[in-house]
Structure formats: structure tokens, C-alpha cells
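Written out below as C-alpha cells is the structure these notes cover.
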Amino acid sequence: MSREMKSKEIDEFEKKFGYKPTRIRSAVDALAVFVHKDNPIKSMTLQQVDAIFSKNRKGGFSKDIVTWGDLGLTGEWADKPISLYGRNSASGTYGYFKEVGLFHGDYKDSVKEQPGSSAVVQGVATDKYAIGYSGVGYKTADVRTVPLAVGEGKPSFDANAENAYSGDYPLARFLYIYLNKNPNQAINPLQGEFIKYVFSKEGQQIVIKDGFYPVTNALAQEDIKTLGIK
């Protein structure tokens with residue numbers, strides 16, 4: 001799952017099985033804000049991102065941002081409307097961005113919702129005045145990521161592995177695997193082998209191949225210990 005389970009989902013699981021599901025962290029993802037490769041924007045604050053994508057501006061930015069000039073760009077960019085791309089509401093990425101990037105606000109109706117992450121990047125790549133959000137692993141040569149700051153006057157950080165691990169990049173998150181394990185019983189051997197595979201070098205190579213960052217050994221050992229896997 002690309003988000004944590006909601007309390008309602010956990011409650012339904014617990015009602016059925018009598019205990020809560022068990023969660024492990026299988027990968028690290030950085031959600032990037034993408035612009036066209038020719039876009040000169042240097043960085044943005046989360047409050048500006050919110051004012052671009054959200055109709056509520058719960059982040060507290062003073063005004064709605066609708067043109068690139070509103071972000072300080074000049075010349076041919078100054079009066080160009082910002083074209084918005086995002087995911088559809090069924091996506092965990094949509095939910096996570098709404099929570100962190102929009103401060104739990106609502107998306108503008110003008111966001112062009114895409115069925116997949118690569119479609120968002122493709123949209124931005126072919127629309128010079130566009131902006132969109134998607135997993136950093138979907139980056140292509142036709143787009144660039146915008147470094148983000150948590151507030152005005154704060155340092156901005158790009159979407160990369162180092163900044164995701166350190167927690168400096170504000171849109172980094174874990175990807176989870178949830179399993180049905182009775183806390184009072186040893187883990188089912190098949191589940192145990194699968195989890196060992198997830199954390200193996202081979203398993204984490206798949207994580208990298210899919211455009212995510214591997215979990216650190218310390219995190220893997222922590223989750224393995226929680227599950228009681230030898």
C-alpha cells in the first residue's frame with residue numbers, strides 16, 4: 001500500500017479476525033512535483049504547492065496561484081496559466097498528496113486526473129506550462145523535479161534518496177505490505193519466507209528497478225524482529 005491503512009479499514013479487519021493487521025515497510029518513495037524540463041522555477045514551498053493545487057489553501061498562502069508569474073517567473077512565463085496534472089481519487093498517491101501537499105484540503109476542479117503515475121509525467125512532458133505530482137521513479141528526460149521547502153525562508157530539498165532517508169524532503173513516505181498474522185502465534189512459514197525475500201538483496205533490487213528507494217538494513221531488521229522471523 002502506498003499509504004497507511006485507514007482506521008476504518010483496520011477496524012473492519014479486526015472485527016473479522018480478532019486482531020489488527022501487521023505492517024512492514026518494504027520501500028521508500030519520494031513523491032515529486034514535476035515541471036517541464038524548460039521551466040526555470042528554482043524551488044517552491046509546500047504552501048505554494050498547496051495554493052497551486054488546492055481550492056482551500058489550508059497551508060495559509062496569501063493568494064491563489066494560477067499563473068507562473070504568481071510564482072515569480074518573468075518574460076514569456078509571467079502570464080502563462082499553470083496547467084495541473086494529478087492522480088485519480090482511487091490512488092494512494094492522490095490521498096497522500098492531499099494530506100501532506102494540500103494540508104488535507106481539496107483539489108481544484110481544474111486538475112487533470114490521470115489513471116497512472118507515468119501518465120501524469122507524460123502530461124507534464126508534453127505541456128510546457130504544466131505541473132504535476134507523481135512518484136520520483138517515473139521521472140523522464142522531458143521533466144524536472146522541483147526542490148521543496150517546508151516554509152518561507154526554509155531550505156529546499158530535491159526528491160532524491162539521501163533527502164528521503166534523512167527526512168529533509170517533505171514528500172517522502174514508506175510503501176507498506178500488510179499481512180494477516182495472529183500476534184499470539186508464530187508467523188506462517190510461507191509468509192516468513194516471503195518477508196525474508198522482500199528484504200533480501202534480490203527483493204530490494206526489484207524495489208530499485210520499480211523506481212523506489214530500498215529500505216535501510218536497520219529498518220528491515222526492526223520489522224523482521226517485530227514479526228519474530230529468525
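Proximity of a side-chain donor or acceptor of N56 to a complementary backbone N or O of K58 within less than 3.5 Å is not detected. For the pair S54 (side chain) and A51 (backbone), a donor-acceptor distance under 3.5 Å is absent. N88 places no side-chain N or O within donor-acceptor distance of the main-chain N or O of E113, the cut-off being under 3.5 Å.
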**From CA spacing to verdict: side chain to side chain contact (heavy atoms under 4.5 Å, CB included), K63, D70** = CA-CA 9 Å; K63 66 187 182 86; D70 292 337; 3.2 Å; yes
**Message:** side chain to side chain contact (heavy atoms under 4.5 Å, CB included), that's the test. Do V33 and I52 meet it? Break it down for me.
**Reply:** CA-CA 11 Å; V33 171; I52 293 166; over 6 Å; no
**Prompt:** Going through the checks in order, is the salt bridge (charged side-chain N to carboxylate O under 4.0 Å, His left out) test met by E12 and K8?
**Reply:** CA-CA 6 Å; E12 282 170 8; K8 181 172 175 282; 3.2 Å; yes
**Item:** Chi angles and distances behind the side chain to side chain contact (heavy atoms under 4.5 Å, CB included) call for F174, V28
**Value:** CA-CA 5 Å; F174 287 112; V28 176; 3.9 Å; yes
**Request:** Check the pair K225, E222 against salt bridge (charged side-chain N to carboxylate O under 4.0 Å, His left out), reporting the backbone distance first and the verdict last.
**Result:** CA-CA 5 Å; K225 191 177 169 190; E222 212 175 278; over 6 Å; no
**Request:** Take E76 and K128, measure what side chain to side chain contact (heavy atoms under 4.5 Å, CB included) needs, and give me the verdict at the end.
**Result:** CA-CA 12 Å; E76 65 152 311; K128 189 176 177 183; 3.3 Å; yes
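The aromatic rings of F97 and Y133 lie parallel to each other, with less than 30° between the two planes, well short of the 60° mark.
Listed by first then second residue, pairs satisfying ring-ring contact (aromatic ring centres under 6.0 Å, His included) with a partner in residues 176-227 number zero, not counting sequence neighbours.
Note that CG of D79 and CG of L73 are 11.5 Å apart. Values are rounded to the nearest 0.5 Å. Distance OG1/T22 to CG/N182: 9.0 Å, rounded to 0.5 Å. Rounding to the nearest 0.5 Å places CG of D168 at 9.5 Å from CG of N160. One finds the NZ atom of K201 at 9.5 Å from the CD1 atom of I208 (value rounded to the nearest 0.5 Å). The CG atom of D142 sits 7.5 Å away from atom CD of Q122, with the distance rounded to the nearest 0.5 Å. For the atom pair L71 CG and N39 CG, the distance stands at 9.0 Å (nearest 0.5 Å).
Closest of all the heavy-atom pairs between T145 and A32 is CG2-CB, 3.7 Å. The two residues G132 and V124 make their nearest non-hydrogen contact at N-CG2, 3.6 Å. Closest of all the heavy-atom pairs between D64 and K108 is OD1-NZ, 2.8 Å. Across all their heavy atoms, Y96 and P170 have their closest contact at OH-O, 3.9 Å. Between Q191 and K181, the shortest heavy-atom contact is OE1-CB, 4.4 Å. Here the closest non-hydrogen pair linking A130 and W68 is O-CZ2, 3.6 Å.
In this structure, the side chains of R57 and D50 come closer than 4.5 Å at one or more pairs of heavy atoms. Within the 4.5 Å cutoff, the side chain of Q48 has heavy atoms near those of the I65 side chain. In this structure, E9 and M1 have side chains that are in contact, with non-hydrogen atoms separated by less than 4.5 Å. Using a 4.5 Å cut-off on side-chain heavy atoms (C-beta onward), V66 and P81 make no contact. When side chains are defined from C-beta on, V49 does not count as touching V146, because their heavy atoms never get closer than 4.5 Å. Looking at heavy atoms from C-beta onward, V215 lies in side-chain contact with Q204 at the 4.5 angstrom threshold. Between I24 and I177, the closest side-chain pair of non-hydrogen atoms falls below 4.5 Å.
Cluster annotation: V143 and L171 are assigned to distinct hydrophobic clusters (Ile/Leu/Val/Met/Phe/Trp/Tyr, side-chain heavy-atom contacts under 4.5 Å, transitive). I41 and F34 are assigned to two separate hydrophobic clusters, defined by single-linkage of ILVMFWY side chains at heavy-atom distances under 4.5 Å. Linking Ile, Leu, Val, Met, Phe, Trp and Tyr residues whenever their side-chain heavy atoms come within less than 4.5 Å leaves Y169 and Y165 in two separate clusters. Linking ILVMFWY residues whenever their side-chain heavy atoms come closer than 4.5 Å, directly or via other members, leaves L179 and L175 in distinct clusters. M44 is connected to L102 through a chain of hydrophobic side-chain contacts under 4.5 Å among Ile, Leu, Val, Met, Phe, Trp and Tyr, so both are in one cluster.
Using a 4.0 Å cut-off between a side-chain N of Lys or Arg and a carboxylate O of Asp or Glu, D223 and R25 qualify as a salt bridge.
The hydrophobic cluster containing F17, built from Ile/Leu/Val/Met/Phe/Trp/Tyr side-chain heavy atoms closer than 4.5 Å, also comprises F13, Y19.
Atom NZ of K154 sits in a sparse spot, with 12 or fewer heavy atoms from other residues, nucleotides or ligands closer than 6.0 Å. Residue-environment remark: CD (E14) exceeds the threshold of 12 foreign heavy atoms within 6.0 Å.
Judged by distance alone, the side chains of R87 and S134 never bring a donor and an acceptor atom under 3.5 Å apart. No donor-acceptor contact under 3.5 angstrom links the side chains of Y94 and Q114, judged on distance only. There is a side-chain donor-acceptor pair under 3.5 Å between K112 and S83. Checking T93 against R173 by side-chain atom types alone, a donor-acceptor pair falls below 3.5 Å.
Considering V111, I131, V121, V120 as possible partners of Y85, the one that fulfils the side chain to side chain contact (heavy atoms under 4.5 Å, CB included) test is V120.
Residues passing the salt bridge (Lys or Arg N to Asp or Glu O under 4.0 Å) test with D106, sequence neighbours excluded: K98.
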